[in-house]
Amino acid sequence: MFSVVNPMKLHYAYQVLQMSTVKEQLIEKLIEDDKNSQCKITIVGTGAVGMACAISILLKDLADELALVDVASDKLKGEMMDLQHGSLFFSTSKITSGKDYSVSANSRIVIVTAGARQQEGETRLDLVQRNVTIMKSIIPAIVHYSPDCKILVVSNPVDILTYIVWKISGLPITRVIGSGCNLDSARFRYLIGEKLGVHSTSCHGWIIGEHGDSSVPLWSGVNVAGVALKTLDPKLGTDSDKEHWENIHKQVIQSAYEIIKLKGYTSWAIGLSVMDLVGSILKNLRRVHPVSTMVKGLYGIKEEIFLSIPCVLGRNGVSDVVKINLNSEEEALFKKSAETLWNIQKDLVF
Amino acid sequence: MSWTVPLVRASQRVSSVGANFLCLKMALCPRQAARIPLKGAWRFTSVSKMATVKSELIERFTSEEPVHHSKVSIIGTGSVGMACAISILLKGLIDELALVDLDEGKLKGETMDLQHGSSFTKMPNIVCSKDYFVTANSNLVIITAGARQEKGETRLNLVQRNVALFKLMISNIVQHSPHCKLIIVSNPVDILSYVAWKLSAFPKNRVIGSGCNLDTARFRFLIGQKLGIHSESCHGWILGEHGDSSVPVWSGVNIAGVPLKDLNSDIGTDKDPEQWKNVHEEVIATAYEIIKMKGYTSWAIGLSVADLTESILKNLRRTHPVSTIIKGLYGIDEEVFLSIPCILGENGITHLIKIKLTPEEEARLKKSAKTLWEIQKELKI
C-alpha cells in the first residue's frame, strides 16, 4: 500500500496522528498575524552611537519594529540577540537585523549612525571624505526599501553629511534631517542648569549653526521662567562678562573632545538626543528642535548648506522653521558657520 | 572617620521635625565634594561685590537639603554597569545615581556623557568618584565590577581574585550605606553573592544575586518565539545556578494558566518529539554566542537589573528568580546561594516562594550546591 517512505517522514506522520504540537493544542488561530508594522525604525550602524539610540528608543516604546543594519555581521547579530533577550522588559515586539537593506523595508524613520569615528584630536571635518564614500553605499538602498521614510543623519560631520545624504537620496528637504545642534543645545542647557542650580529642562537656550566648533549660542534667548539672563547681565556671552558665561559655550564645543579623550567615544547623550527627535517625528508632536536643515535663502545664505535652526518636527519631518531674529553678530557667526562648511562641501567628490 | 556616624543617621527617612540639621549639613559635604566640577565652570567671582545672574534671578527659599530616598550606586562602569545605568535612568526610577570605578578617565567620561542627556530624560543628579563616599546613603548598590576569567584560569582562582576585590568594595559600600540592599551581578554570581553576604555581614534579605533573572527572561523570550506570543504572556522559571547547570522548571511553564506539561507530558525530557529541552539549552548557549559575536553581553542584563531595581525601589513585591541563600531548602545543607522565586520589595528579599520541584530538579539543585560549596570552602574570606 505504501511506497518506500523515508522512515523519519513516516514517524512524523505517525506523531501528527497521535499528538499535535503544544502550540496547536494550546492555540486556536482566528486570523493571520498582521506582519505590517506601523512604526518601524531602522538604525544603520551598530556601534556605540547606534546601540545607544536603539536602547533609548526601546525603553521609550517608540517603535513596534526595530531593524539593525551593519557591515560587521557578527557584531550585528550579537547586538540584535542581546536586545531580543531583553524583550520581556519592553514593548517592541520585533527586532531584526541584516547586512542587506531589505531588512529595513517600510521604515518610518531610518537613523544613520554609520561612519568613520572621530579620533582623539581629529575634527569632524577631517572625517568627511571617508564618510561620503560610506553614504554612497548606504543611502540608495535605504531609499529603495523605504521610499517614504524620514532619514535622520547622525554621523559626523553631521551638517555636511546631511547635505550629502539629501543629494544622494533625492528626497525632499523636509525628510532629511541632521541631528545637528539638538545635542549641543542640550549640553548648553545642562551646563546653564549646573551654574544656576536648576534642572536643564527648566533652562532654555539655543545653539544653532554648525554642530561643531563654529556653533552659534543665542545668548539673547537664554532664559529661565521667561526671564532673559541677558536682562540681568547685559554682558552675558561676551568676553567682558565678569561671570564668563561665554565659557559655557566653549565647554559645549569641547564636550565631545573631552568625553572622547576620557572614554573613547560619546554615546549616551547622542542616543538620548536621537530618541528625543524620533519621538517628535513619530508622534507628530510638532515640538521645536535645533536640527540641521537646508538654510539656503535664510540669513543671506546663498549656498546649499545644511545648518541647525529651530525646526518644527512632525510626522512629515521638518514641517516649519522658526524665524529667529539674529542680531548682527549672531548672523555674522551663522554665516561664518556656513562659509566654513561650504569651503569643504564645494571640494567634495561624489 | 568621625563624620560617617552622623551620615548614617541622615540616611534615614527623616521628617523635617525629627531631622538633626547639623547631621544633614555634614551629609552635604561628601556629596558636594563628589561632584566633579567641569573645567572652567566654577570660576571664582567676588560675590560680595557683584551680584551674579544666579543671585539676581533666584531667591533661596529654604536651607533644607534634600534627602535621597531612591539613590542607586553602580560599582563598575563597564558595558554591564552602563547598561544598568541607562536602563534605570530611562525608567525614571531614581533621584540620584552614583558611579564608582577604578578607571577615573572612563568614569568621568561616562558620567559627563550621561549628564549631557539631562534635558531628554529628566536626568536626576549623577555623581561619580573613585572614592566610595560618593555612594553614601544609597538605597541600592549594584555591583558589576569584577575580575574577568583569563585563559586557562580555574574557576577557583578567578573567584579568589574576586574575593580580594570584593573585600575592598564591600567594606567601603557598607561603611557609607549600611542600610542598603546589594545586587550582585558580577560572575560567578552565586558564589560572589555568598562572598558579598559574608563580607558585608548584612542580613540575608539585603543581598540579592541577579542570578537566573536573565536566564528566565531569555527562556520566556524563546518560548514566546516558539509559540508566536509575547514573552510577557509566557511564564516559565529557570532556577538554581546561573549558567550551565541552571534548572528549567517544566512543570511551571504555562500560557494563560495552561501548563504546557498537560499538553505534552514529555516536555523537557529526551523523549519529547518537539524537543522543548532545546529551548533551555539555547538559553545556556546564547550567552556564549553573544560574547563570541559582540565580545560581551550588556543590554539584556542591564534591562533585567533595572527590572529588579524597580521592584525594590517601588516596593512592588513582585516575584523574581534571584540568587539567595538556600541552606535548609530542598535538602541542601551547604551555605550556598542559588536562584529561587523571591518576593522583592523595599527590604530586599522579603519572602520565598515554596516551589515544588520534581526529585530530578531537586537533585540538580543539590548537585549545584555541592559544586559551589567545593569552591566556596577553599576561599579565604
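Everything numeric in this text was worked out from a predicted model, so none of it was measured. Naming convention: chains lettered A, B, ... in sequence-line order (proteins, then strands); numbering from 1 in each chain. All heavy atoms count here, side chains included; hydrogens, waters and symmetry mates do not.
- If you tally non-hydrogen atom pairs under 4.5 Å between each of B/Glu104, B/Glu310, B/Lys91, B/Met123 and chain A, the highest count goes to B/Met123.
- Residue A/Phe188 does not touch chain B at all, counting heavy-atom pairs closer than 4.5 Å.
- Across every non-hydrogen atom of A/Thr21 and B/Glu274, the tightest pair is CA-OE2, 3.3 Å.
- Contacts of B/Ser87 with chain A are made by both backbone and side-chain atoms, with heavy-atom separations under 4.5 Å.
- Between B/Ile290 atom CD1 and A/His85 atom NE2 the span is 4.5 Å, to the nearest 0.5 Å.
- Of the two parts of A/Asn182, the backbone and the side chain both hold a non-hydrogen atom closer than 4.5 Å to a non-hydrogen atom of chain B.
- Taking 4.0 Å as the cut-off between side-chain N and carboxylate O, A/Glu243 and B/Lys54 do not count as a salt-bridged pair.
- Counting all heavy atoms, side chain and backbone alike, B/Lys226 lies closest to A/Lys23 at O-CD, 3.7 Å.
- In this structure, the portions of A/Gln84 lying under 4.5 Å from any heavy atom of chain B include both its backbone and its side chain.
- A/Val198 touches chain B through its side chain: at least one heavy atom from C-beta onward sits under 4.5 Å away, while N, CA, C and O do not.
- For B/Leu57, the parts lying near chain A are the backbone and the side chain together; criterion is any non-hydrogen pair under 4.5 Å.
- Among B/Leu222, B/Val258, B/Thr111, B/Thr286, the residue making the largest number of heavy-atom pairs under 4.5 Å with chain A is B/Thr286.
- Between chain A and the residues B/Ala85, B/Gly105, B/Gly117, the most heavy-atom pairs under 4.5 angstrom are made by B/Gly105.
- Under a 4.0 Å N-O distance rule, the pair A/Asp82/B/Lys294 qualifies as a salt bridge.
- Looking at B/Ile229, only its side chain comes within 4.5 Å of chain A, counting heavy atoms on both sides.
- When heavy atoms are compared at a cutoff of 4.5 Å, B/Ser298 approaches chain A by way of both its backbone and its side chain.
- At a 4.5 Å heavy-atom cutoff, the contact between B/Phe120 and chain A is made by backbone and side-chain atoms alike.
- Using a 4.5 Å cut-off between heavy atoms, A/Ile27 contacts chain B through its side chain alone, with no backbone atom that close.
- Of the residues B/Asp113, B/Leu114, B/Leu90, B/Leu89, the one that meets the side chain to side chain contact (heavy atoms under 4.5 Å, CB included) test with A/Leu272 is B/Leu90.
- Residues B/Ser118 and A/Tyr190 approach most closely at CB-CD1, 3.7 Å, considering heavy atoms.
- A pairwise comparison of heavy atoms in B/Ile86 and A/Leu59 identifies O-CD1, 4.3 Å as the closest pair.
- Interface remark: A/Met275 contributes side-chain atoms only to the contact with chain B (heavy atom separation under 4.5 Å).
- Partner of B/Ser119 under the side chain to side chain contact (heavy atoms under 4.5 Å, CB included) criterion, chosen from A/Ser200, A/Ser185, A/Ser202: A/Ser200.
- Contact of A/Lys250 with chain B is not made at all, since no heavy-atom distance falls under 4.5 Å.
- Proximity to chain A involves both the backbone and the side chain of B/Glu110, based on heavy atoms less than 4.5 angstrom apart.
- Contact count against chain A (heavy-atom pairs under 4.5 Å) is highest for B/Arg220 among B/Gln225, B/Lys292, B/Arg220.
- Ranked by non-hydrogen atom pairs under 4.5 Å with chain A, the options B/Leu214, B/Leu227, B/Val283, B/Asp103 are led by B/Leu227.
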